Amino acid sequence: MNLSGPLLLELAVIAPLLGALLIARIADSVARRKWSVVLGAAVLGLVAGAWLCSAQLAPGTSDGGLLALIAGRGLFVVNSFNAPLLALIALVYLVTMATTAHSRLTRFSFSRALASLAITLATFASQEPWLLIVWLALGAVVPLGAFKRLGQSPRVYVIHMLAAIVLLAVGQMLFDAEGGGRASIAASACILIGVLLRTAIAPAHCWMTDLFERTSFGSATLIALPMTGVYAATVLLLPASAPWASQALGTLALLSSVYAAGMALVQRPMRRFFSFLVVSQSGLVLAGVVMDSPTGLAGGLCLWLTAGLSLAGLALVMRAVEVRVGRVSLDQFHGLYDRMPFLGAYYLLAGLALVGFPGTCGFIASEMLFDGALTSGVLAGVAVVLAGTLNAIAILQAYYRVFTGCRSPGSIDVRERPRERVALVPLALLILGIGVYPTGLIASRHQAATEMLEHRPFEAAGLRAADKSPPEWLGGMHGWPGPSGRVAQRPEAAHPRSQE
Amino acid sequence: MPAYNQLLFTLGVAVVAAPTAMLLIVGLAALFQRDLAETTVARVVHATLLIGLAAAAAILVIMLWTGIRSVPVAMGHWVVLPEYHFEFKLIFDRLSVPMVILTFVLCGTIGAFASRYMHREAGFNRFFGLLALFVVGMLLTTLAGTIELLFAGWEFVGLSSALLVAFFQERQMPVRNGLHVWTIYRVSDAALLAAVVILHHLRGEGDFSVLLGTGSWPDGVASLTASQALMVGALILVAAAGKSGLIPFSGWLPRAMEGPTPSSAVFYGALSVHLGAFLLLRVSPILELSWWLCAATVALGLATAVYATVTSHVQTDIKSALAFASLAQVGLIVAEIGLGFRYLALVHILGHACLRMLQFLRAPTLLHDYHLLENAIGSHLPRAAFSWEEYLPQRVRLKLYRFALSRGHLDSVLRDYVAAPLCGCFKACERWERRWTALLANEPPKLDSHLQGTELLEDVA
């Protein structure tokens, strides 16, 4: 048994947990940041190592690690699906901690960030339903400190998270009581609503905007960007849900992405604008993950990573702007480009990547997602295009409002600091690098998509491929990829949970 | 002929690689705030565009010499999946080669002109970075051998256009107009993206040789049914209308004149404004499959030509007058395409682009030129002897004048019936959301004053 992948992952979870305890004892806030960054970099290295190790293993053989040796059963799994996501999470935490400004050192808790990192990694490495629910519950508790630190009420957040966890637990209990197989209506409904709440899919998304308004930008970013709810959907809902639940999830996710993109257009506070971008992208990613065509699913998985990178870049820029000029309102022009040109250019780059501009990391992902959506139906395709269009307009509108339109007064040097540049430049290179050479990423996501589809019941496909006859709107088009292709030829996959 | 293959491949790569190198050097320097000296930028621009032009001219000579009508340059697959692949393939044919040479000549001219015109301008490097992006976008669009590559180039052109309109970014109006242009372009892009993916579905790949038949342009025969062609063609027509400023999207064209004169000349006088017409030419085998589509194309082109002609008569600044004059010609070109006169449309594009760019570049010194001429002849220049408006009844003339002055109310229609309802709807949702969140938080709702008004996107529509 090859232990190196899971072992590295276990170390990546344990190290920040211990680090959180130790760093909480350090009085000097600058030293706290320094050691947090060192730990974050170490975790990123460990996760990258785990990814490399898992890539060398055959599918399904990555379960193991230290806990497996001691207890006979490993807690964490690293495979082609979650390995890049784990790396993305570690990267987001690292750059967020590294770019925390001196003036925000008292508002941002590094020990809590490290604890959150450990729990989020553990969440994404768990494929046992109950274990995942426990990690989700723990992960929901950690951010409460961010509310308390700023003296804000966490009521909206708590209501949503509590409801999500309870519903997920009840749904799982019902599923277990049914003895496996296909989930009943009640179990599917509970898990579906729980996932909607945790992912912040409209109309259950208010906690996301509230979170960004009431906590520090950095803390909110760390909670929002990994899109934990989407992962919960892949483990808890999709493998066993009734077909209607998957279809409802996909439909609601697409509607939510369009709605949030439109809402981003009319926002004034920059934080709310960003939170709606997150909601919109979460919806698109979730819709992609629900799709049953390999192209659409691979596009969704790819978008998960590229949107994470782009949103991280946007968040870092917005946070840096806030640190310099305070909370920014989009109802007036701020003209900050002349004073912070690098941040302006970087915002544009990350924003364009988010909407799938050619030459950036999001391009192929968006095209594949649209391709998959169109396979599911014309309305799904329209929704994906509409969300992308509205997001693109909103992003450039915000760019113009923040960085152009007037000359910003002031003679203090507010350009990016070296620490910020060091964090942003690699992200920019990743955004451009994947955009120019997406082959490796696409191939790995397609492999993960194929493996995921093998574990999904045929009838449970969410945004299903078109019916056997081509849709009338295409006039009986030639080459329409219907279920007679991949799906019909695929052997009936046994549900992994029913084997337990 | 095989003896030429390697040479043609090398030249084909050079046509795209040279401007891409320009984009990398100037664009990345601008992105990472490494200001290059003006002379360095000018040299890079001149050198790369000259190399590209020489390579394109060499390809043209070889094609004429050997009689080859179509030269595909396949540079490999970008993405290869069992169900999806994205090939990086260029095609040099009777349509793309003239457009490529036109692009190099006009952009080279603009590069030389702007290196003096923009001298010591604060955004000198930014201008050339965006110009480089535009050149690459134009080349990818015109040379694309697959519809996905065409879409990528199309997007590059759109972004560079929107950012150059807002070039003077310390003022609000250029920025608002830049957003307006971007908004229309995104609608156009969405239509093209939909067409791209539907075509991909229909044929399993986006290669033009499969989509439009194996015959070289303009002799290809698309293998779609009439209804499929109508649906895809309608989307492409919307995309072309947005990009070329055809009705009902014409309002962005005069707004785009906020940018520097060199960019106005090359974008809205010469190249970008013709991109929609080029797209229609490229997919003309699809248009031919549907009588309705051809009729719609002709109608759209003629309506735009009439609208632009009427409107151009009341413009009070030279750049707006030139913009509408351009639009009138573009309308005619589109009508020619709809009628099936492909070579005529291509020649019309080439001639009109050169003439209009020259007029745009002379526009800043027009009064000076007039004074020189009048001083030389010793009197005022003669005015046009014939005016067709004089033959219209007074009432009709007045109505026509009002129509032209308000630019056909196209902007206000889009603002009042598209942008305002859309934003109003989302603002209502925002109010409800805030009340709901306040209820959950057990706090009084905090409603911003802006939620009562109509600003942001509607302002620029």
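Basis for what follows: all heavy atoms, side chains included, without hydrogens, waters or symmetry-related copies. On a predicted model such as this, the values are computed, not experimentally measured, just so you know. Chain letters run A, B, ... following the sequence lines, proteins first, then strands; residues in each count from 1.
Chain B forms more heavy-atom pairs under 4.5 Å with one residue of Y259(A), F403(A), Y437(A) than with any other, namely Y259(A).
Only the side chain of R421(A) comes within less than 4.5 Å of a heavy atom of chain B; its backbone N, CA, C and O stay farther away. When heavy atoms are compared at a cutoff of 4.5 Å, F333(A) approaches chain B solely by way of its side chain, counted from C-beta outward. Using a 4.5 Å cut-off between heavy atoms, V436(A) contacts chain B through its backbone alone, with no side-chain atom that close. Heavy atoms of L140(B) lying under 4.5 Å from chain A are absent altogether. Heavy-atom distances place the side chain of L432(A), and not its backbone, under 4.5 Å from chain B. Of the atoms belonging to R214(A), it is side-chain heavy atoms, and not backbone ones, that fall under 4.5 Å from chain B.
Contact annotation: the side chain of F86(B) never approaches that of T439(A) to less than 4.5 Å [non-hydrogen atoms, C-beta and beyond]. Annotation: side chain of F151(B) is in contact with side chain of F363(A) (closest heavy-atom distance under 4.5 Å). Counting heavy atoms from C-beta outward, E443(B) and R155(A) have side chains that stay 4.5 Å or more apart. At least one side-chain heavy atom of I198(B) sits less than 4.5 Å from a side-chain heavy atom of L374(A).
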Kindly list each side-chain donor-acceptor pair under 3.5 angstrom involving residues 187-194 of chain B, sequence neighbours excluded, with atom names and distances?
residue: S188(B); atom: OG; partner: A239(B); partner atom: O; Å: 2.9
residue: D189(B); atom: OD1; partner: W154(B); partner atom: NE1; Å: 2.9

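The existence of a salt bridge linking R268(A) and E430(B) is excluded, since no basic side-chain nitrogen approaches an acidic carboxylate oxygen closer than 4.0 Å. Using a cut-off of 4.0 Å between Lys/Arg side-chain N and Asp/Glu carboxylate O, E170(B) and R339(A) are scored as not salt-bridged.
A distance-only check finds no donor-acceptor pair linking the side chain of R186(B) to the backbone of A392(A) [under 3.5 Å].
Close approach to chain A, defined as a heavy atom under 4.5 Å from one of its heavy atoms, is seen in E155(B), F156(B), L159(B), A162(B) of residues 155-162 of chain B, taken by number.
Distance CD/E213(A) to CZ/R434(B): 5.5 Å, rounded to 0.5 Å. Of the inter-residue distances, the one linking H446(A) atom NE2 with L81(B) atom CG reads 4.5 Å to the nearest 0.5 angstrom.
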